[in-house]
Enquirer: 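Below: one structure in structure tokens.
In what follows, chains are A, B, ... by sequence order, proteins preceding strands, each numbered from 1. When reading the values below, keep in mind they use all heavy atoms of this one structure, side chains included, and skip hydrogens, waters and symmetry mates.
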2 protein chains.
Amino acid sequence: MNEHKSEWMQTLRENGYRLTDAREAVVEVVAGSDRVLKPFEVFEIARVNYSKLGLVSVYRTLEKLEELGMIQRVHQPEGCQAFVATKEGHHHLLLCRVCGRYEYFEGENLELFFQEIGVEKQYQIEEHWMQVFGVCSRCQAEANT
Amino acid sequence: MNEHKSEWMQTLRENGYRLTDAREAVVEVVAGSDRVLKPFEVFEIARVNYSKLGLVSVYRTLEKLEELGMIQRVHQPEGCQAFVATKEGHHHLLLCRVCGRYEYFEGENLELFFQEIGVEKQYQIEEHWMQVFGVCSRCQAEANT
DNA sequence: TTCAATGCAAATATTTTGCAATTCG
DNA sequence: CGAATTGCAAAATATTTGCATTGAA
């Protein structure tokens, strides 16, 4: 998972941001997670390794990571303040309602479909969000225990 | 648009809720709107006709309308605390980024597609969200003025 | 050495809760 | 009448901002 970490730190530097301990701590947690994380969760986890970390720096770092397209916001029934690492290209999210684990999937002709909707409804389409919720295999297995 | 109003009031009554002036004011605004509305916007608009209305009653009424499936929450880049009237069956939302106007569209084989994703990824699919953003024809026209 | 970045505390913004007064049925 | 609902004020949450201090380059 953490192939992302050095890459993200690199990108931050390239965009004129300094590489601080606080940023590294946040990047490490988010880049290395296979689950959706809320700012406060990132704070709690990152703080284990870097106790000086402040919650505000978590918010500020997440903001930059989102701005640079490394992470994206996830919308869930329980709230919309969680993030996941972005994947190259345009992909869609599949989320486990129980544990928050996530995966990406591709929607072949969806782009075309949305363009057609735009023509039909006379909207100039700009973007689309798609998320699918369910229970991942591990959580299904656990439920049967 | 306000074919909904009496229908919603009816449904509230059928579910054991009382028909109060506060509820009527909120229902009238949300049922009659062709745009996405935030709780505070509902409050401001509804208050014009019913000045005694409190913001808390708006929240509480919206909660009930959502619970009974008459309205649904909309997720947007700027926030996720807006609501629209629900449409029968499962439809997807097309939203104008500029004015907040909304329309529904149908996704023919999408259900099947999501089931397939579930099999492939071994997820037990429960629900999906899809929203498309763009600029509606009226706002496009205005931009050229 | 310089200025971006930090962490704290305080300020905002949003939503929820407690409660006495009101009102629907 | 009695219970559900209201609106206010206060509390709880979540996020942002101001600012003196720290630290990366």
Enquirer: Kindly point out which of dA5(C), dT6(C), dA24(D) is positioned nearest to the side chain of Y17(A)?
Expert: dA5(C)
Enquirer: I'd like a table of atom pairs between the protein and nucleotides 12-15 of chain C - only N or O on both sides, under 3.5 Å - with the distance next to each one.
Expert:
{"residue": "dT15(C)", "atom": "OP2", "partner": "Y59(B)", "partner atom": "OH", "Å": "2.2"}
{"residue": "dT15(C)", "atom": "O5'", "partner": "Y59(B)", "partner atom": "OH", "Å": "3.3"}

Enquirer: Within the structure, does a side-chain N or O atom of K52(A) lie under 4.0 Å from either OP1 or OP2 of dG23(D)?
Expert: yes
Enquirer: Expressed in angstrom and rounded to an integer, what is the separation of K64(B) atom NZ from dT5(D) atom P?
Expert: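 Atom NZ in K64(B) sits about 6 Å away from atom P in dT5(D).
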Enquirer: Can you confirm whether C136(B) sits close enough to V98(B) that some side-chain heavy atom of one is under 4.5 Å from a side-chain heavy atom of the other?
Expert: no
Enquirer: Could you state the atom-to-atom distance from CG of L53(A) to P of dG23(D) in whole Å?
Expert: 14 Å
Enquirer: Parallel, tilted or perpendicular, judged at 30° and 60°: which one describes the rings of F105(A) and F114(B)?
Expert: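 Ring orientation, 0 to 90° scale: perpendicular.
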Enquirer: Whole angstrom is fine here: how far is it from CE in M9(A) over to P in dA24(D)?
Expert: 11 Å
Enquirer: Quickly work out the L62(A) CG to dA5(C) C1' distance and round it to whole Å.
Expert: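 After rounding, the reported distance stands at 15 Å.
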Enquirer: Check the orientation of Y104(A) and Y102(A). Use parallel for under 30°, tilted for 30 to 60°, and perpendicular for over 60°.
Expert: perpendicular
Enquirer: Pick the nucleotide of DNA chain C nearest each of L19(B) and V56(A); which residue has the one closer to the 5' end?
Expert: V56(A)
Enquirer: Taking only N and O in the side chain of R18(B), is any of them less than 4.0 Å away from OP1 or OP2 of dA3(D)?
Expert: no
Enquirer: Would you kindly give the CZ-to-P distance between F83(A) and dT15(D), to the nearest whole Å?
Expert: 8 Å
Enquirer: Expressed as a whole number of angstroms, how long is the span from R13(B):CZ to dA4(D):P?
Expert: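 For the pair R13(B) CZ and dA4(D) P, the rounded distance is 17 Å.
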Enquirer: For atom CD of Q122(B), is the number of surrounding heavy atoms from other residues, nucleotides or ligands below 6.0 Å larger than 12?
Expert: no
Enquirer: Can you find a side-chain donor-acceptor pair between W129(A) and E127(A) that sits under 3.5 Å?
Expert: yes
Enquirer: Have a look at R23(A) and say if it touches a base, only the backbone sugar-phosphate, or nothing, with a 4.0 Å heavy-atom cut-off.
Expert: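 If one applies the 4.0 Å heavy-atom cut-off, R23(A) turns out to touch the sugar-phosphate alone, with no base involved.
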Enquirer: Measure from the side-chain heavy atoms of R60(A) and tell me the nearest of dG18(D), dT6(D), dA24(D).
Expert: dG18(D)
Enquirer: Return no unless some side-chain N or O of T20(A) is found under 4.0 Å from OP1 or OP2 of dA5(C).
Expert: no
Enquirer: At under 4.0 Å between heavy atoms, what does F43(B) touch on the DNA or RNA strands: base, sugar-phosphate, or nothing?
Expert: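 The answer is nothing, as F43(B) stays clear of every strand by at least 4.0 Å.
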Enquirer: Output yes when K5(A) and E24(A) qualify as a salt bridge under the 4.0 Å nitrogen-oxygen rule, no when they do not.
Expert: yes
Enquirer: How would you list all residue pairs meeting side chain to side chain donor-acceptor pair (under 3.5 Å) that involve residues 38-62 of chain B, not counting sequence neighbours?
Expert: none
Enquirer: How many whole angstroms separate atom CG of N15(A) from atom C1' of dA24(D)?
Expert: 17 Å
Enquirer: Starting at atom CD of E78(B), determine the distance to atom C1' of dT15(D), rounded to an integer number of angstrom.
Expert: 17 Å
